[in-house]
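In what follows, chains carry the letters A, B, and so on, assigned in the order in which the sequence lines appear, proteins first and then strands, with residues in each chain numbered from 1.
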Number of protein chains: 2
Amino acid sequence: MSVTIKDISKQVGVSYSTVAKALNNSPLVKESTKRKVMEAAEALGYTPNLAARSLVTKRTGLVGIVWPGIDRAALSSLVTSIQRRLAEKGLTALLSIHEPQEAIATFENLRADAILLFEESTADIIARPSHRRTPMISIGMPIKPGVPYVDMNRREAIRLAVETLAGKGYERIAYIGPYAEASMQQQEKWIGFKEGLHQAGITFQEEWIIDSRGLLWQDGYRAAKQMLKLSERPTAVISGSYDLAAGIIRAFQGEGLSVPQDIAIISYDHIPHMEQLEIPISAVGVAEADIATAVTDTLLRAIESIDNVSDRTSLTPAYIHRESD
Amino acid sequence: MSVTIKDISKQVGVSYSTVAKALNNSPLVKESTKRKVMEAAEALGYTPNLAARSLVTKRTGLVGIVWPGIDRAALSSLVTSIQRRLAEKGLTALLSIHEPQEAIATFENLRADAILLFEESTADIIARPSHRRTPMISIGMPIKPGVPYVDMNRREAIRLAVETLAGKGYERIAYIGPYAEASMQQQEKWIGFKEGLHQAGITFQEEWIIDSRGLLWQDGYRAAKQMLKLSERPTAVISGSYDLAAGIIRAFQGEGLSVPQDIAIISYDHIPHMEQLEIPISAVGVAEADIATAVTDTLLRAIESIDNVSDRTSLTPAYIHRESD
DNA sequence: TTGTAAGCGTTATCAT
DNA sequence: ATGATAACGCTTACAA
């Protein structure tokens, strides 16, 4: 059996409700007894029982994160950032790498204060009975009506990349990212690409979208190699993600190409890592910090009252110049 | 308020204790009422309250994993594997990416049935009062006396790699991995390297350990490039991890080197991913599946009784031949 | 400033 | 086969 407030109360010689108050630093308790309680708690190795507490308070202070379990630097970085912000607000983030279904069930059983769904958690499996449940928000994409989401406007971000490149005079612009079997989030990107080309008055050519299939750096490397074989070589390329970009510049370096002289590159994913690559890469996207803030705020509001948060929180992407274009 | 067993009992017209039994599929309950209860539960959208349950059962079925939050494929892969095995045993894995201190506190408050520490969780911060607490085991390294660990014998694994290479006639063997400021786990590896050389009667040369600094693929790439500049080029190289190996072969390909003709490679990390690299890489180490099994078993035994598990569970590494040596 | 007691949603032990 | 009821460890009126 682990130590409870009753054990402490015996030690100190006060009632256990006084101990409870002392532990919660209530102003109703005399400083001196507070101190004694704290000391006894320390000495006995007391650990509060969250279950008991939450049973009465109806709050756990837990935020469940349904993690796609994908090794992508951009995602890890974002989740870390979110976790920190939540901690500042007194909330504790817990990740589950189970199937979304199971993960959600676990967090509901735990009575997490809110659930955050990461993008790849595939939409349709998530059945939600009409009953009031744990507030749930999704990041990146609308998962289900009734689950508000934070939208980072990937379409607009990529469009902006094209606009920027076109503005600098580039006309042979390629896009590397998942294409044929892309998820909705990834589709948005090449839609933005086409839109940008159109606005810039550049005729779209099918072969200038190179399908990377996946989103890992290996995929970027492969796609870039493939791109460089094109008879008419692009002079600029837009990468669909940080990890892809890392692979792409690796391929360029392998071919002895210099950036941006031989070929320019702008990548999606506005994260600090981008600066650390061998060649600091210009980026488009909503800054990681802004996403983290928006997500945290939305989560907090959802905890207050889920009806209080709009179905879609839209963030505005920006372009950050570095040395790659 | 969410739905409780009392709500169900009202619906069905039985006492809530009967509902409880029905929900737990007790044989003491008539099939027909069981069915009615289940239906009502479903209809009302009942979600069991883990807090209330665990308060009386003293078990949560939760295993807390303290995650170093490092982007390494080998680790993600392993944790996923562990998670699956735990699920088979009816346990739910939850990850925390907080600081080890906080993470442990969280899991203790939650009354997780056990805590699993991943290697990089730096040892000394983990203070443990003498009181009985949540069983805790660590993977990879002894963290603290009293915290049993599962040892994958990295030293022996790398030694085996050297032996294998030497047995095939290679004499100019290099090692790429963290060196100068390596953690204890990483030190073990180059100790195994030196040991292997010694046994093979090869004189150790300082410059044949190339310090990768980190453990990411970028680090491997950089170190390999550096290695290739050596006046006397190695004919075989041992990589300290999967991710490093990925970077290393990338570098080789960039230089137009073919594996294993121009240079052979064996890597630490016995994981499935190794097969998927452009060049399937021979590996040494304890198979991921075996680690996962050992960890899960140890965890289960620790939950039974922490005294029941030995301080060190030692696993035996193996060599797996692929096409890289 | 401290103590008493009710109650949170379950499980488990007795009765019935 | 079902129902009462006492825990579990805590918070929170309410009393003293």
Side-chain angles (χ1 to χ4, degrees), chain A residues 1-38 40-41 44-62 90 108-113 131-134, chain B residues 1-38 40-41 44-62 90 108-113 131-134:
Chain A
M1 279 317 359
S2 68
V3 182
T4 75
I5 53 173
K6 294 193 180 174
D7 297 319
I8 300 179
S9 82
K10 271 176 214 145
Q11 269 276 316
V12 180
V14 292
S15 79
Y16 71 86
S17 89
T18 300
V19 172
K21 287 169 200 144
L23 255 15
N24 292 319
N25 197 24
S26 155
L28 300 172
V29 173
K30 216 188 343 186
E31 277 307 320
S32 68
T33 64
K34 250 188 220 176
R35 236 196 22 255
K36 273 187 267 177
V37 168
M38 295 301 193
L44 295 173
Y46 170 74
T47 311
N49 186 322
L50 186 71
R53 185 214 304 277
S54 71
L55 211 45
V56 22
T57 60
K58 307 291 189 194
R59 302 257 284 87
T60 53
L62 263 25
E108 288 187 327
N109 291 179
L110 261 181
R111 296 295 189 269
D113 292 342
H131 315 275
R132 192 193 141 297
R133 288 282 255 288
T134 310
Chain B
M1 281 315 357
S2 67
V3 182
T4 75
I5 53 173
K6 296 193 179 172
D7 297 320
I8 300 179
S9 82
K10 271 175 213 147
Q11 270 276 317
V12 181
V14 291
S15 78
Y16 71 87
S17 88
T18 301
V19 171
K21 286 169 201 146
L23 254 15
N24 292 317
N25 197 25
S26 155
L28 300 171
V29 173
K30 211 181 359 177
E31 277 309 320
S32 69
T33 64
K34 251 188 217 175
R35 234 195 25 254
K36 273 189 264 177
V37 168
M38 296 301 194
L44 294 173
Y46 170 73
T47 311
N49 186 323
L50 186 70
R53 182 212 307 271
S54 71
L55 209 44
V56 21
T57 60
K58 309 290 188 195
R59 303 254 285 93
T60 53
L62 263 25
E108 287 187 327
N109 292 178
L110 261 180
R111 297 292 189 270
D113 291 341
H131 315 277
R132 191 195 142 297
R133 288 280 256 289
T134 310

Just how far, in rounded Å, is [atom2] of [N] from [atom1] of [X]?
X	N	atom1	atom2	result
B/K34	D/dA1	NZ	P	9 Å
B/L55	D/dC10	CG	P	9 Å
A/L50	D/dT11	CG	P	10 Å
B/I5	C/dA12	CD1	P	12 Å

Compare all side-chain heavy atoms of A/I5 with those of A/L23 and state whether any distance is below 4.5 angstrom.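 Side chain of A/I5 against side chain of A/L23, heavy atoms only: contact under 4.5 Å found.
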Non-hydrogen side-chain atoms of B/S2 and A/R111 separated by less than 4.5 Å: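 Counting from C-beta outward, B/S2 and A/R111 do come under 4.5 Å.
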Please work out if A/K21 contacts a base, only the sugar-phosphate, or nothing of the nucleic acid, heavy-atom cut-off 4.0 Å.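 Base contact.
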Base, sugar-phosphate, or nothing: which does A/T33 touch, judged by heavy atoms less than 4.0 Å apart?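 Counting heavy atoms under 4.0 Å across all strands, the contact made by A/T33 is with sugar-phosphate only.
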Which nucleotide, D/dG9, C/dT10, D/dT2, lies nearest any side-chain atom of A/T4?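 Looking only at heavy atoms from C-beta outward on A/T4, the closest nucleotide is D/dG9.
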Of the listed nucleotides (C/dT2, D/dC10, D/dT2), which one gets closest to any side-chain atom of A/L28? C/dT2
Taking A/D113 for the side chain and A/T60 for the main chain, is one N or O donor matched with an acceptor at less than 3.5 Å?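 It does hold such a pair.
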Is the backbone N or O of B/A22 less than 3.5 Å from a side-chain atom of B/S26, with the two atoms forming a donor-acceptor pair by type? no
For D/dT11, does either OP1 or OP2 sit under 4.0 Å from a side-chain N or O belonging to A/N24? yes
Just N and O in the side chain of B/T57: are any of them under 4.0 Å from OP1 or OP2 of D/dC8?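 For D/dC8, neither OP1 nor OP2 has a side-chain N or O of B/T57 closer than 4.0 Å.
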So, with a heavy-atom separation below 4.0 Å from DNA chain D, the residues of residues 10-19 of chain A are A/Y16, A/S17
